[in-house]
Visitor: 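Before I ask anything, let me first share the structure, which is written out below as structure tokens.
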Amino acid sequence: MSPKPTPRAVFPCALLPVATLLFCVGCREIPLAREVGRDVDVVVVEPEPAGLSGARRQQHQDSFVQVWETVRDKHWDAELNGLDWQAVRAEFEPQIAAASSDDDVRQILGEMLSRIGESHYGIVPSSVYEDLAIVEDKPTKLAPNDRDAAGNVGDAPSDDGDDNDAETGDATTAESKKQTPRSRSGKGTLGIEARVVNDMAYVFRVEEASPAAAAGVRPGWSILEVDGRSLGKSLRRIREHNQEATTQQLMLMSSVHGRMGGRVGDAVPVVFEGDGQRHELELELAAPSGESTRFGYMPEAHFRYHSKRLTKDVGYIHFNMFMDPVTLSSSFSESIEEFMDCPGLIIDVRGNPGGIGGMVMGMSGWLIDESGRHLGVMKQRVGEIHFAVFPRAETYPGRVAILIDGCSASTAEIFAQGLRDLERARLFGRRTSGAALPSLFSALPNGDRFQYAVADYVSVNGHRIEGNGVNPDEPIAFDPEAFARGEDPDVAAALRWIGSRSGS
């Protein structure tokens, strides 16, 4: 049996002896395969045309044993929440032995891991993992039958089954089918952040100075087509596959963003509908804005931070991830000091996928003036870690509103739930993704990577975020029409709450 490679930590927190997961940060195309399956082409790998060799079968068998033993030995709960893990092995090991392709093995392992009932357990194909870890600007020619992270096959067009979408009546022309598909592998961006409602994708945010902003794209517009293909059927399949999952919105957003990504400089045809008109635009992918940051073995990400006064009495802070500790900590400190005289503060973590868990300790210290408080407990197989609050000499005294939605995950969820439990913040928006477990990546003998959780988070009031999410105090449905009018209902609700106390 092959020796077990050393696991690689995902965004370990400098303050904690545990790796706190950044859920999908900077890597749109790495949702858990067991949750997405074949509905998102970025994780689909073509089965090998021929049967597996004896050596390859042994690699898969060794990988199965490593995955099973890792769960047995590393899961935060030695009892696996009552799951008979030995019986699970007896059920799935024969299936691995009978598998006829690499893809079959991945599906079998994914099904086995789904029995745990938690996110952050999944198999990442080697090609996808490597492509996400090392992003290149230069074009990469694919050999026949090779597949990139976007699901495109060399010397052959990609087909996601959306050529004839009954919802739009549009059909991809025969001429376009002959064209080699644009690779969606790369770090280029249009500067669009999307949300999905009723299988329709909408523009949620448009970054300043982005290709989308320069073309006049506005929040609230619907996104009908990308690269000549409609999105409706694909989004519906993902929704149906993740019907009960709290991560559904995160999966849907990931799919839309993945379709609009690619190499810097490539042109992306996108059809929008907004302001009563159809907009057929060809947008050129640009390098991401913000500060480039990298942590551990994960791909490069780009950190963005923004703050302003919405009114003379209300400060507003938004940042896209809990990363770049020096920049985020100093920027957050400066903003709090600037807004110290404001009766209210809005912290926007909508779409924030998390990051370095330990950062919430220092940041919450600007908002809580009592020592000895904590934002929750990280439970490990041996011992517990408390997310202790470290109060500053002077803390912000006003009301704190936190904006959340279905694309808020991991550290963002811990931050929101923890402050709410301490009665220091009120939450506005939509339920979060319920993906808060810290995890590691481990290389398998067959070349794939295994992602597994090593701890569990429970809030101060005993709320388990994983699989449940964080519910807002004031639920607000996403309203594309309001955004198209230049309104933000989440912000408006927070302002009303702050104003009810301040008298403004």
Side-chain angles (χ1 to χ4, degrees), residues 23 193 195 204-205 246 249-250 304-311 313-322 328-329 331-333 335-336 339 342-355 357 359-369 373-376 387 389 395-436 457 459-461 463 465 468-478 488-502:
F23 194 88
E193 188 176 336
R195 293 294 186 273
F204 177 63
R205 284 194 182 104
T246 55
Q249 186 62 225
L250 200 59
R304 294 183 293 277
Y305 183 95
H306 174 65
S307 69
K308 62 181 179 181
R309 285 182 183 252
L310 294 179
T311 69
D313 290 329
V314 180
Y316 172 86
I317 295 173
H318 168 253
F319 49 96
N320 67 323
M321 63 184 76
F322 285 83
L328 177 54
S329 296
S331 297
F332 191 78
S333 300
S335 296
I336 294 297
F339 302 144
C342 293
L345 172 66
I346 298 175
I347 302 176
D348 188 350
V349 293
R350 293 174 296 180
N352 188 316
M359 296 192 67
V360 300
M361 301 182 189
M363 295 173 68
S364 60
W366 283 102
L367 307 173
I368 297 173
D369 59 5
R373 308 300 293 275
H374 64 90
L375 300 181
F387 282 86
V389 175
T395 57
Y396 174 74
R399 280 189 166 184
V400 179
I402 299 180
L403 310 184
I404 57 175
D405 69 4
C407 297
S408 305
S410 194
T411 306
E413 296 180 276
I414 293 173
F415 182 70
Q417 180 71 44
L419 288 174
R420 195 250 301 278
D421 278 5
L422 296 179
E423 299 182 347
R424 190 60 190 94
R426 187 168 180 80
L427 311 185
F428 299 80
R430 292 152 294 287
R431 183 178 66 174
T432 64
S433 66
Y457 168 80
S459 76
V460 174
N461 288 347
H463 180 71
I465 292 175
N468 298 306
V470 178
N471 289 307
D473 298 297
E474 294 194 23
I476 304 165
F478 176 66
D488 188 330
D490 303 342
V491 170
L495 287 172
R496 285 194 296 272
W497 173 68
I498 291 171
S500 68
R501 176 183 179 183
S502 64

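Residue indices begin at 1 and follow the sequence shown.
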Visitor: First locate atom NE2 of H374, then atom CG of L422, and finally report the distance between them rounded to the nearest 0.5 Å.
Guide: 8.0 Å

Visitor: Looking only at atom types and distance, does a side-chain atom of N471 sit under 3.5 Å from a main-chain N or O of R431, one as donor and one as acceptor?
Guide: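 No; zero donor-acceptor contacts below 3.5 Å.
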
Visitor: Between F319 and F322, what is the ring plane arrangement, given parallel below 30°, perpendicular above 60°, and tilted in between?
Guide: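 Perpendicular: the ring planes of F319 and F322 meet at over 60°.
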
Visitor: Is a side-chain donor or acceptor of S331 paired with a backbone partner of L328 at a separation under 3.5 angstrom?
Guide: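 Side chain of S331 to backbone of L328: no pair is present.
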
Visitor: Okay, side chain of D421, backbone of S459: is any donor-acceptor separation there less than 3.5 Å?
Guide: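 Looks like no, no N/O pair under 3.5 Å.
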
Visitor: Checking F387 against V360 for the side chain to side chain contact (heavy atoms under 4.5 Å, CB included) test, could you report, in this order, the C-alpha distance in whole Å, the side-chain angles of both residues, the deciding distance, and whether it holds?
Guide: CA-CA 8 Å; F387 282 86; V360 300; 3.7 Å; yes

Visitor: At their closest point, which heavy atom of A416 faces which heavy atom of L427, and how far apart are they?
Guide: O-CD2, 3.8 Å

Visitor: Do V470 and I465 have side chains that get closer than 4.5 Å, going by heavy atoms?
Guide: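 Answer yes - side chains close enough.
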
Visitor: Would you find a donor on one side and an acceptor on the other, under 3.5 Å apart, between the side chain of E413 and the backbone of A435?
Guide: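 The answer is yes, because a donor-acceptor pair under 3.5 Å joins these two groups.
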
Visitor: Are side-chain heavy atoms of F339 and Y316 found at a separation under 4.5 Å?
Guide: no

Visitor: Within this structure, what is the CD1-CZ distance for the pair I346 and F428, rounded to the nearest 0.5 Å?
Guide: 8.0 Å

Visitor: Please answer whether the main-chain N or O of G351 pairs with a side-chain N or O of D405 as donor and acceptor at a distance below 3.5 Å.
Guide: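 Answer holds: yes.
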
Visitor: Can you see which heavy atom on V349 is nearest to which on A412, and at what distance?
Guide: CB-CB, 4.2 Å

Visitor: I need the R430 CZ to E474 CD distance, nearest 0.5 Å.
Guide: 12.5 Å

Visitor: What I'd like to find out is whether the side chain of C407 reaches to under 4.5 Å of the side chain of F204, using heavy atoms alone.
Guide: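 Side-chain contact under 4.5 Å: no.
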
Visitor: So how far is it from Y457 OH to L375 CG, rounded to the nearest 0.5 Å?
Guide: 6.0 Å

Visitor: V389 and L367: side chain to side chain contact (heavy atoms under 4.5 Å, CB included), yes or no, with the steps?
Guide: CA-CA 9 Å; V389 175; L367 307 173; over 6 Å; no

Visitor: Once you round to the nearest 0.5 Å, how far does CZ of R426 lie from CD1 of I402?
Guide: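 R426 atom CZ to I402 atom CD1 measures 12.5 Å (nearest 0.5 Å).
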
Visitor: Mind checking whether I368 and L419 have side chains closer than 4.5 Å, heavy atoms only?
Guide: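 Yes. Closest side-chain heavy atoms under 4.5 Å.
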
Visitor: How long is the span from the CD1 atom in I347 to the CG atom in L403, to the nearest 0.5 Å?
Guide: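 These two atoms lie 9.5 Å from each other.
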
Visitor: Closest heavy-atom contact between W366 and S333?
Guide: NE1-OG, 3.1 Å

Visitor: Does the pair M359 and T411 meet the rule for a side chain to side chain contact (heavy atoms under 4.5 Å, CB included), with working shown?
Guide: CA-CA 9 Å; M359 296 192 67; T411 306; 5.7 Å; no

Visitor: Could you check if a side-chain atom of I317 sits within less than 4.5 angstrom of a side-chain atom of L345, using non-hydrogen atoms only?
Guide: yes

Visitor: For G315 versus C342, what's the shortest heavy-atom pair and its separation?
Guide: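 The answer is N-SG, 4.0 Å.
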
Visitor: Okay, side chain of S433, backbone of T246: is any donor-acceptor separation there less than 3.5 Å?
Guide: no

Visitor: Contact between T432 and Q417 at the side-chain level, heavy atoms closer than 4.5 Å - yes or no?
Guide: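 T432 vs Q417: side chains apart.
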
Visitor: Would you say the side-chain atoms of H463 pair up with the backbone N or O of G469, donor to acceptor, closer than 3.5 Å?
Guide: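 Indeed, once roles are kept as given, a pair shorter than 3.5 Å links the two residues.
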
Visitor: Does D348 have any salt bridge (Lys or Arg N to Asp or Glu O under 4.0 Å) partners at least two apart in sequence or in another chain, and if so, which?
Guide: R205, R350

